[in-house]
Undergrad: 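Take a look at this one; I'll ask things after.
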Amino acid sequence: MNATTVAPPWSADEMMTVTAARMLWDGCVCFVGIGLPSAAANLARLLHAPGIVLIYESGTIGTRPDVLPLSIGDGELAETAGAVVPLPEIFAYWLQGGRIDVGFLGAAQVDRFGNLNSTVIGPYQQPKVRLPGAGGAPEIAAHARQVFVVLKQSARSFVPKLDFVSSGGFLTGGGARRLSGAPGAGPQAIITDYGVLRPQAGSEEFALAARYEHVTAAAAVKATGWPLTVAASLEVIAPPTATELEALRALQARTQAAHSRPVQLPV
Amino acid sequence: MNATTVAPPWSADEMMTVTAARMLWDGCVCFVGIGLPSAAANLARLLHAPGIVLIYESGTIGTRPDVLPLSIGDGELAETAGAVVPLPEIFAYWLQGGRIDVGFLGAAQVDRFGNLNSTVIGPYQQPKVRLPGAGGAPEIAAHARQVFVVLKQSARSFVPKLDFVSSGGFLTGGGARRLSGAPGAGPQAIITDYGVLRPQAGSEEFALAARYEHVTAAAAVKATGWPLTVAASLEVIAPPTATELEALRALQARTQAAHSRPVQLPV
Amino acid sequence: MPIVTLTAAIADHVRDGDSVALEGFTHLIPFAAGQEIIRQRRRGLHLIRMTPDLVYDQMIGAGCARRLTFSWGGNPGVGSAHRIREAIEAGWPQPLEICEHSHAGMAAAYVAGAARLPFGMLRGYLGTDLPAVNPAIRSVECPYTGERLATVPALNPDVTILHAQRADRAGNVLISGILGAQKEAGLAARKLLVTVEEVVDDLGAPMNGVVLPHWVVTAIACVPGGAWPSYARGHYPRDNAFYIAWDEIARDRGRFTAWIERYVLGTQDFAGFRARLRADGVAA
Amino acid sequence: MPIVTLTAAIADHVRDGDSVALEGFTHLIPFAAGQEIIRQRRRGLHLIRMTPDLVYDQMIGAGCARRLTFSWGGNPGVGSAHRIREAIEAGWPQPLEICEHSHAGMAAAYVAGAARLPFGMLRGYLGTDLPAVNPAIRSVECPYTGERLATVPALNPDVTILHAQRADRAGNVLISGILGAQKEAGLAARKLLVTVEEVVDDLGAPMNGVVLPHWVVTAIACVPGGAWPSYARGHYPRDNAFYIAWDEIARDRGRFTAWIERYVLGTQDFAGFRARLRADGVAA
């Protein structure tokens with residue numbers, strides 16, 4: 001990370017996870033992906049949002065895993081869920097049904113309007129790097145009441161033009177999304193290892209709205225492939241508290257232990 | 001009944017039920033309605049078709065009730081079913097999915113092409129008699145591989161023109177059904193209190209194909225509101241065997257006893 | 001998601017003129033809720049239900065409804081729904097507009113409503129007169145095969161009311177047994193009211209059981225017996241004798257009106273209803 | 001519905017050039033069946049799967065497929081599906097045509113397939129480039145609102161293969177836990193093969209449990225452990241360590257090919273596969 005001060009005693013992932021967790025509220029219905037979003041949502045649940053409702057696209061509704069899943073469909077998610085439904089139902093009745101407050105998305109690339117690429121680097125037919133693809137993202141991006149994007153900032157990931165639009169943010173900005181018929185309000189935050197970007201009113205272009213204590217706005221601008229606007233009233237994000245870090249590290253440790261437990265198949 | 005000989009020692013309903021039951025085969029997947037079809041399908045199951053698969057539109061698949069249900073959704077159907085699924089699934093995956101061998105339908109009126117009216121007598125907007133309506137029938141008629149209609153014969157029920165088409169048989173005949181896009185083969189038998197009508201090749205008009213021993217073809221023609229064709233090789237249907245009658249009467253007696261058992265509500 | 005009395009649930013959430021779906025396909029029919037709507041004298045409702053049977057016979061006969069969307073209306077296994085018939089045939093106690101579907105069409109409309117799609121699609125209504133009398137039944141062309149498929153507009157009731165076996169104290173609801181289109185009707189609605197047989201500490205839902213999470217439920221009322229004369233699997237069976245008896249009660253305007261007066265309008269609530277039935281020797 | 005060996009099930013029912021869907025969303029992935037297809041050297045398959053992860057990494061890397069319909073292809077929680085990547089990026093071991101959807105689109109396509117509708121419909125793909133690269137993604141106009149909705153053609157695989165916990169001797173199949181689109185993929189197929197952890201006398205399905213009745217199942221093979229390294233709820237957990245280890249195996253053509261030779265092509269059947277894994281100290 002291009003931090004301009006001494007690196008703090010927590011990792012960029014930890015800072016991002018804590019920042020994302022703080023954005024979730026008690027009772028919030030959250031459509032969670034694997035990795036950092038899952039860690040953030042569960043951290044929120046363990047701290048200030050015990051009534052948060054976690055939905056994974058594998059079909060688990062209201063799940064309360066003790067350890068983080070490695071995959072979107074680990075057994076832990078089903079065993080601790082309030083309901084386990086078929087996957088087509090998740091997408092039709094729960095996501096498209098407009099019942100999701102917050103959808104979390106990652107990507108390989110984001111542009112200034114919060115559009116995301118998780119499909120391909122290079123031309124689609126002649127890929128330089130073929131990525132896993134869109135998965136649930138296009139419809140999470142369309143239907144969740146708001147979307148939080150989590151992505152480390154660099155000129156390679158924060159690009160002027162996506163190689164491929166896997167899921168729509170504000171499209172070309174300036175109200176284009178609303179005209180497209182997408183029901184949700186779109187991406188409302190991009191959480192990076194420098195801080196948080198928010199869409200500006202009117203243009204809907206993302207600007208740096210908050211930075212971590214140990215980074216500068218100038219460094220964030222440098223790590224962005226487009227001329228990043230910095231908000232006049234740039235907020236500073238409080239560092240992780242001891243409580244937050246402890247809870248997160250305990251969760252990660254439990255997860256680590258669970259995932260390295262050997263599996264015994266039936267004879 | 002306009003029987004021309006001495007009435008036999010079984011009722012018209014019993015004769016019709018036994019006749020319908022005989023048309024079902026072991027392993028047949030049968031979409032069953034309440035009343036006579038349900039009695040016939042269960043009688044077949046108790047006699048020659050132990051592997052018959054009974055599906056009721058309430059969502060019960062492979063049900064094996066000990067007593068006949070009064071309604072399409074009696075508890076007995078669920079408790080003895082192989083699977084109990086949501087009703088929308090029954091219509092989408094199982095009926096429209098083309099998995100039904102035989103659908104049973106009743107009606108208030110049938111015409112010479114096996115179209116059925118269960119909606120209204122008189123004009124739709126100014127009904128003389130408002131009937132319950134189509135329910136599951138339109139799509140059973142369209143999708144079941146074949147349909148058996150069960151209806152007592154009279155000039156009032158076997159009419160030259162329906163007051164309303166609730167579900168399609170051969171429509172206007174002569175291949176009209178096939179052109180309509182209905183996947184199933186349509187009504188292949190009308191089981192009445194005189195015998196069995198079958199569609200004629202080409203015209204698809206129903207003709208009397210078989211009669212019960214104790215009735216004449218002339219009486220069947222007289223009980224029909226259109227000029228009923230009688231098949232050159234008119235078959236005679238064997239009377240109910242003692243085994244058939246005993247099994248049916250025992251089933252009806254069990255049912256009677258179960259349905260008059262008083263219900264105790266929780267306090 | 002508050003747990004309230006049935007009286008309060010209906011008072012707070014069902015308005016004159018609302019579109020209201022009481023679902024339950026033979027099983028778990030919310031009779032007590034329907035009667036409470038009668039008792040509170042709601043008027044001008046657009047009633048929605050696949051199988052308007054006794055519960056809507058009562059509500060329509062009592063004058064609650066101006067419109068009915070349905071696919072089969074009768075007394076299952078017995079015969080006519082006499083009050084619905086008289087409303088349609090003779091406009092008594094008031095005219096009743098009808099919007100008539102097949103079961104498959106209604107089911108597709110609820111599914112579309114739950115999925116917040118504007119319409120549902122089926123290979124249906126082929127060769128029938130229903131599209132001729134229901135202009136809501138239309139069609140789309142398949143963009144791959146050119147085939148025309150029937151469409152129905154999504155159903156999104158203002159209020160759906162269900163009866164279920166059980167809720168936990170957080171308001172999660174478990175349904176078990178014959179499901180009808182209950183879940184779809186519940187998720188299609190703007191507000192979802194649920195009456196239950198019991199409120200428990202632990203829902204005890206089996207894996208892949210049918211659960212409505214508390215955050216999609218508007219209010220819950222604990223009404224044991226609230227599905228009578230239909231049934232609640234695990235609690236009491238269907239009272240087939242009452243369905244048969246209803247035929248005589250509902251056949252006659254006067255007798256029907258007296259029944260509604262005595263048992264519904266003349267009682268305070270569902271407890272009063274049951275007490276009066278018991279006093280009159282009806283098993284309830 | 002016969003209960004047969006896995007060898008016979010694949011030999012009898014999977015043909016070169018078939019469209020084949022191995023479903024299971026993280027849970028109950030039919031790995032043993034996929035490996036048997038490799039072992040029997042099927043070629044030119046059109047593979048269909050929402051999440052082509054390790055099972056299709058193996059089949060595609062081994063040269064079974066000419067086409068892939070999918071919505072997310074990777075090693076869940078780990079990273080790339082290296083063999084799928086190399087097939088797409090470099091045409092090794094042979095070129096791979098792709099037909100790419102979103103999860104919601106694939107799910108709608110299976111649902112349409114199960115319901116024998118020609119297409120599925122969703123409010124989806126909004127603002128994305130997917131319709132530009134997948135001409136199968138089209139649209140219809142709502143006949144009520146005029147809104148345009150995305151469509152996907154129904155998926156009806158020649159063969160769907162599932163893994164489940166249990167079958168009874170009649171061939172009824174019970175699935176419990178995370179369901180993915182397994183039931184829909186199964187009902188959409190022309191033939192349905194199921195591998196199970198155990199065959200029992202009494203299926204013991206709970207009320208409203210997910211059951212595939214024997215008469216929609218083409219053949220069943222009893223293959224305990226057949227979902228490894230994915231999992232079977234109630235039998236064994238997901239072998240996350242193997243998913244992580246696979247990253248190294250699959251990253252390199254040579255190492256991958258050696259793995260397939262040693263464990264799949266070089267063994268007689270799934271029992272042989274497991275014996276060799278055990279001999280090599282891999283927990284299986």
Side-chain angles (χ1 to χ4, degrees), chain A residues 34-35 57-60 69-75 77-79 84-88 90-92 95-96 115 119 124-125 127-139 141-143 162 164-169 171 176-177 180-183 258-267, chain D residues 25-27 50-51 70-74 76-78 80-81 84-85 88-89 100-105 107-108 110-111 122-130 133 147-148 177-184 197 210 224-225 228-229 231 233 235-244 274 283-284:
Chain A
I34 285 306
E57 66 191 10
S58 53
T60 58
L70 181 70
S71 81
I72 197 79
D74 279 23
L77 297 177
E79 301 309 327
V84 179
V85 304
L87 180 142
I90 281 287
F91 282 96
L95 179 60
Q96 184 176 265
N115 304 301
T119 302
Y124 185 81
Q125 303 297 349
K128 210 173 123 213
V129 182
R130 174 61 221 202
L131 303 166
E139 286 73 29
H143 293 286
L162 301 179
F164 190 93
V165 183
S166 310
S167 57
L171 309 181
R177 178 191 172 89
S180 79
H259 289 181
S260 48
R261 221 167 279 146
V263 169
Q264 198 54 57
L265 284 194
V267 185
Chain D
F25 200 83
T26 308
H27 182 211
M50 296 189 66
T51 52
F70 76 112
S71 44
W72 188 92
V78 178
S80 284
I84 296 174
R85 267 188 66 177
I88 297 175
E89 292 173 7
E100 186 164 4
H101 281 287
S102 67
H103 281 349
Y110 276 135
V111 168
L122 65 158
R123 195 178 277 113
Y125 297 109
L126 289 161
T128 78
D129 285 341
L130 283 163
V133 298
E147 183 187 1
R148 289 214 79 87
I178 286 178
L179 303 170
Q182 278 144 283
K183 182 169 172 176
E184 289 74 17
E197 289 295 324
V210 179
W228 180 88
Y231 72 107
R233 169 176 191 265
H235 294 266
Y236 45 92
R238 191 170 191 268
D239 193 344
N240 284 324
F242 185 83
Y243 277 85
I244 294 166
R274 284 186 57 181

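Lettering of chains follows the sequences in order, A, B, ..., and the numbering in each one begins at 1.
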Undergrad: Rounded at 0.5 Å granularity, tell me how far CG in L265(A) sits from CZ in R274(D).
TA: 4.5 Å
Undergrad: So, do I34(A) and P76(D) sit near enough that their side-chain heavy atoms are less than 4.5 Å apart?
TA: no
Undergrad: Does P86(A) reach the side chain of K183(D), with side-chain heavy atoms less than 4.5 Å apart?
TA: no
Undergrad: If every non-hydrogen atom of W72(D) is compared with every non-hydrogen atom of G135(A), which pair is closest and at what distance?
TA: CB-CA, 3.9 Å
Undergrad: Looking at V210(D), I84(D), L126(D), which one has more heavy-atom pairs under 4.5 Å with chain A than the rest?
TA: L126(D)
Undergrad: Specify which of S58(A), A142(A), A182(A) makes the most heavy-atom pairs with chain D at under 4.5 Å.
TA: S58(A)
Undergrad: What part of E89(D) is in contact with chain A, defined as an atom under 4.5 angstrom from a non-hydrogen atom: side chain, backbone, both or neither?
TA: both
Undergrad: Could you report the tightest heavy-atom contact between V165(A) and G127(D), atom names first, then the distance?
TA: CG1-O, 3.3 Å
Undergrad: Ignoring hydrogens, what is the shortest heavy-atom contact between R238(D) and D74(A)? Give both atom names and the distance.
TA: CD-OD1, 3.4 Å
Undergrad: Quick one: are M50(D) and L87(A) in side-chain contact, heavy atoms under 4.5 Å?
TA: yes
Undergrad: Against chain A, work out which of A108(D), P237(D), A104(D), S80(D) has the most heavy-atom pairs shorter than 4.5 Å and name it.
TA: A104(D)
Undergrad: So which of E79(A), K128(A), Q125(A) has the biggest tally of heavy-atom pairs under 4.5 Å with chain D?
TA: E79(A)
Undergrad: Check whether any side-chain heavy atom of R123(D) sits under 4.5 Å from a side-chain heavy atom of H143(A), and report yes or no.
TA: yes
Undergrad: Which atoms of Y231(D) are under 4.5 Å from chain A, going by heavy atoms: the side chain, the backbone, both sets, or neither?
TA: side chain
Undergrad: For the pair Y124(A) (side chain) and V133(D) (backbone), establish whether a donor and an acceptor sit closer than 3.5 Å, ignoring hydrogens and angles.
TA: no
Undergrad: Specify the closest pair of heavy atoms between P138(A) and S102(D), including all atoms of both residues, with the distance to one decimal.
TA: CG-CB, 3.7 Å
Undergrad: Is there side-chain contact between I244(D) and H259(A), with heavy atoms separated by less than 4.5 Å?
TA: no
Undergrad: Is R233(D) in contact with chain A via its backbone, its side chain, both, or neither, using a 4.5 Å heavy-atom distance?
TA: side chain
Undergrad: Counting only non-hydrogen atoms closer than 4.5 Å, does E197(D) touch chain A with its backbone (N, CA, C, O), its side chain (CB onward), both, or neither?
TA: side chain
Undergrad: Flag the one option from L131(A), N115(A), V84(A), L95(A) with the top tally of heavy-atom pairs under 4.5 Å to chain D.
TA: V84(A)
Undergrad: For the residue pair G124(D) and E139(A), what are the closest heavy atoms and their distance?
TA: CA-OE2, 3.3 Å
Undergrad: When heavy-atom pairs shorter than 4.5 Å are enumerated against chain D, which of V129(A), T119(A), L171(A) gives the highest number?
TA: V129(A)
Undergrad: To the nearest 0.5 Å, how far apart are CZ in R130(A) and CD in E100(D)?
TA: 4.0 Å
Undergrad: Which value, rounded to the nearest 0.5 Å, describes the distance between F164(A) atom CZ and T128(D) atom OG1?
TA: 6.5 Å
Undergrad: In terms of heavy-atom proximity below 4.5 Å to chain A, should F70(D) be classed as side chain, backbone, both, or neither?
TA: side chain
Undergrad: Sort P183(A) into side chain, backbone, both or neither according to what part of it lies under 4.5 angstrom from a heavy atom of chain D.
TA: side chain
